[in-house]
Asks: 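My questions will all concern the structure given below.
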Amino acid sequence: MMQGTNGSMRLSGNALTNFIATISATGGLLFGYDTGIISSALLQLRNEFHLDTLGAEVVTSAIILGALIGCLVAGGISDRLGRRRTVMIAAALFLVGTVIVASAHSVAVLILARLILGLAIGGASQIVPIYIAEISPPERRGRLVVGFQLAVVSGVTISFITGYLLRDSSWRLMFGIGMLPALILFLGMAFLPNSPRWLALNGQPEEARMVLRRVRATDEIADRELDGILENHDVQAPWSELAKPWVRPALMASVGIALLCQFTGINAVMYYAPTIFADAGFGQDSALLTSVAVGVGMVFATVFGGWAVDNWGRRTLLLRLLPGAVVALVVLGTAFAMHLTGGVGAWITVAAVMAYTIFNTGSLSVAIWLVGAEVYPLSCRSKGMSLVAGGHWGADLVISLTTLSLVQILGAGWTFWLFAAVNAFAFWFVLRYVPETKGQSLEELERRLKNGTFAPVDRAAARAEAQAR
């Protein structure tokens, strides 16, 4: 054990990597809590501020708009200041936003506070997965980055439980609880090392070597990994690099998953589950309890996904679980279309929601931040991840602004059938465009981009061309 950079604790190897991933993932906990708590608080906010459907959607969506802005800005900031400092900025914004939202006395201030929290969430979603991926060894990268998503769904679940337990208390307390993890994230990141790949990219190879030697089992492994990083001769690239043909397959796979993660409907269920179930006749307490069950299902699915990404593989996990999400949504849509909200029908509805939650969260929600952090070349990884997060939050904004309106116009049944069709499309998309990244170093994936064998459809074309010769 030796003293680390930035005064970090006397840890090394896997112990330090685990500690770094745990502290960093606190950003995911805040991400989940602050996005999830609105589903419970909304029941009180609608009464206190006399919100109609549009007002409820705007308050809910303000955090998403902030996240969209935050993730796009974070790319440039993390390239200049580094991954670690960018996470600290996000933590500071979490603290400020939480104080304002908990003391809001008008709809305008409430929306402003949610916008600030969104900036923090967007920044965290863009940079935390990159930071963890760039510091993790290839064989453990999957589960460590998925730890961020586990923190997200844990935050969501905690928000649902908190909302249920505080259903007769003030919504201000629901929001204010988020201050503690924000403080932990800010203070914890101050003692962690910088990303070795960011250091190498910014002309600091010896500092990168020191960090790698602390987070790898032996100095030889660390030196060999640094040699691989330096061999790619990466330099900081402008945004235009993402439009180049050799980077396009990474853009297609990662942004495609980001968009589909939202358009398949998971956050529609998370944000509006209590409202949808209450309107369907379940009663407020029962609706809130159903949301707690949804959160527990998300945690279970993410824990399983964290195991599966390093054992089955990222692509295999997606292809095995997505068909289950399609079936569950067809059943859920049928239950609502037939008004099966009483007796056995109510249990079928809850079971379908749980099944959909497990299959969708365990696949797309597990893969989004992991694949996004893995597939881009180092030269434009931060900017590429900004587009992944931007795609996620842009689609989330559309979903959060339209879900209640869709339910009112189409009915819950047709809304869930529509989401089922999108899940089926997602299966086809993964089959063609999403590569398997399990067990490969970030530098190996970059070389596959450069030689044109990255996407499954490209590899199939290359094989066909070789056979034709």
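Numbers here simply count residues along the sequence, with the first being 1.
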Asks: Report yes or no: does Trp198 contribute a side-chain atom to a donor-acceptor pair with the main-chain N or O of Ser78 at less than 3.5 Å?
Replies: yes

Asks: Could Glu446 and Lys450 be called an ion pair, given the rule that one side-chain N must be under 4.0 Å from one carboxylate O?
Replies: yes

Asks: Does any N or O in the side chain of Glu134 come within less than 3.5 Å of the main-chain N or O of Tyr131, such that one atom is a donor and the other an acceptor?
Replies: no

Asks: Can any side-chain N or O of Arg315 pair as donor or acceptor with the backbone N or O of Thr437 at less than 3.5 Å?
Replies: no

Asks: Do any N or O atoms from the side chain of Arg216 and from the backbone of Ser136 form a donor-acceptor pair under 3.5 angstrom?
Replies: yes

Asks: Determine the minimum heavy-atom distance between Val211 and Asn194, stating which atoms define it.
Replies: CG1-O, 3.6 Å

Asks: Measuring only between side-chain heavy atoms, which start at C-beta, is Leu72 closer than 4.5 Å to Trp393?
Replies: no

Asks: If you measure from OG1 on Thr26 to CZ on Phe94, what distance do you get to the nearest 0.5 Å?
Replies: 10.0 Å

Asks: For side-chain contact (heavy atoms from CB on, under 4.5 Å), just list the numbers for Leu329 and Trp417, CA-CA rounded to whole Å, side-chain angles, deciding distance to a tenth of an Å, and then say yes or no.
Replies: CA-CA 6 Å; Leu329 282 169; Trp417 287 335; over 6 Å; no

Asks: What verdict does the side-chain contact (heavy atoms from CB on, under 4.5 Å) test give for Ile20 and Leu144, after you've listed the backbone C-alpha separation in whole Å, the side-chain angles of each residue and the deciding distance to 0.1 Å?
Replies: CA-CA 10 Å; Ile20 290 170; Leu144 290 175; over 6 Å; no

Asks: OH of Tyr33 to CD1 of Ile121: how many Å apart, nearest 0.5 Å?
Replies: 12.0 Å

Asks: Taking the side chain as every heavy atom from C-beta outward, state whether Phe336 and Leu332 have any pair of such atoms under 4.5 Å apart.
Replies: yes

Asks: Would you say CH2 of Trp312 has more than 12 non-hydrogen atoms from neighbouring residues, nucleotides or ligands within 6.0 angstrom?
Replies: yes

Asks: Is it true that Arg197 and Glu225 have a side-chain N and a carboxylate O under 4.0 angstrom from each other?
Replies: yes

Asks: Do Gln126 and Ser382 have side-chain atoms, one donor and one acceptor, less than 3.5 Å apart?
Replies: yes

Asks: With respect to Glu374, which candidate in Gln440, Arg314, Arg381 satisfies the side chain to side chain donor-acceptor pair (under 3.5 Å) definition?
Replies: Arg314

Asks: From Ile77 CD1 over to Arg80 CZ, what is the distance, rounded to the nearest 0.5 angstrom?
Replies: 6.5 Å

Asks: With a 4.0 Å cut-off on N to O distance, would you call Arg114 and Asp34 a salt bridge?
Replies: no

Asks: Ignoring hydrogens and geometry, is there a side-chain-to-backbone donor-acceptor pair from Arg84 to Pro193 under 3.5 Å?
Replies: no

Asks: Determine, for Glu241 against Lys383, whether the closest basic-nitrogen to carboxylate-oxygen distance falls under 4.0 angstrom.
Replies: no

Asks: Do you know which two heavy atoms are closest between Thr357 and Val353, and how far apart they sit?
Replies: OG1-O, 2.7 Å

Asks: Does CZ in Arg85 sit with more than 12 non-hydrogen atoms of other residues, nucleotides or ligands closer than 6.0 Å?
Replies: no

Asks: Heavy-atom count around Phe304 CZ within 6.0 Å, excluding the residue itself: above 12?
Replies: yes

Asks: Are the side chains of Asn360 and Leu321 in touch, meaning some heavy atoms are under 4.5 Å apart?
Replies: no

Asks: Given side chains that start at C-beta, do those of Pro377 and Trp246 come closer than 4.5 Å, heavy atoms only?
Replies: yes

Asks: Answer with yes or no whether the side chains of Trp369 and Ser125 bring together a donor and an acceptor at under 3.5 Å.
Replies: no

Asks: Can a donor-acceptor pair be found, under 3.5 Å and without considering hydrogens, that links the side chain of Arg140 to the backbone of Thr17?
Replies: no

Asks: Say you draw a straight line from CD1 of Ile409 to CG of Leu406; how long is it, rounded to the nearest 0.5 Å?
Replies: 6.5 Å

Asks: Closer than 3.5 angstrom, by distance alone: can the side chain of Ser363 be matched with the main-chain N or O of Leu318 as a donor-acceptor pair?
Replies: no

Asks: Is the closest side-chain heavy-atom distance between Leu242 and Arg248 below 4.5 Å?
Replies: no

Asks: Can Arg143 be said to sit on top of Trp307's aromatic six-ring, NZ or CZ under 6.0 Å from centre and within 45° of the ring axis?
Replies: no

Asks: What are the two closest heavy atoms between Leu150 and Val153, and how far apart are they?
Replies: O-CG2, 3.3 Å

Asks: Run the side-chain contact (heavy atoms from CB on, under 4.5 Å) test on Leu115 and Ile63 for me, step by step, so that the C-alpha distance in whole Å, both residues' side-chain angles and the decisive distance to 0.1 Å come before the verdict.
Replies: CA-CA 5 Å; Leu115 195 66; Ile63 202 169; over 6 Å; no

Asks: For Leu226 and Ala200, work out which heavy atoms get closest and say how close.
Replies: CD1-CB, 4.5 Å

Asks: What are the two closest non-hydrogen atoms of Leu201 and Leu378, and how far apart are they?
Replies: CD2-O, 3.8 Å

Asks: Taking C-beta and beyond as the side chain, do Ile266 and Ser365 meet within less than 4.5 Å on heavy atoms?
Replies: yes

Asks: What are the two closest non-hydrogen atoms of Ala301 and Val366, and how far apart are they?
Replies: O-CG2, 4.4 Å

Asks: Could you tell me whether a side-chain N or O of Asn423 sits under 3.5 Å from a main-chain N or O of Thr264, the two making a donor and an acceptor?
Replies: yes

Asks: Do Leu117 and Leu93 have side chains that get closer than 4.5 Å, going by heavy atoms?
Replies: no

Asks: Working to the nearest 0.5 angstrom, can you tell me the gap between Ile368 CD1 and Thr361 OG1?
Replies: 11.5 Å

Asks: side-chain contact (heavy atoms from CB on, under 4.5 Å) for Val299 and Thr302? Distances and angles first, verdict last.
Replies: CA-CA 5 Å; Val299 172; Thr302 307; 5.9 Å; no

Asks: Can you tell me how far CD1 of Ile132 sits from CZ of Phe148, rounded to the nearest 0.5 angstrom?
Replies: 7.5 Å

Asks: Judged by atom type as modelled, is there a donor-acceptor pair below 3.5 Å linking the side chain of Arg141 to the main-chain atoms of Ala133?
Replies: no

Asks: In terms of side-chain geometry, is the basic nitrogen of Lys438 or Asp310 positioned less than 4.0 Å from the acidic oxygen of its partner?
Replies: no

Asks: Measure the shortest side-chain to side-chain distance between Phe429 and Met252 over non-hydrogen atoms and say whether it is less than 4.5 angstrom.
Replies: yes

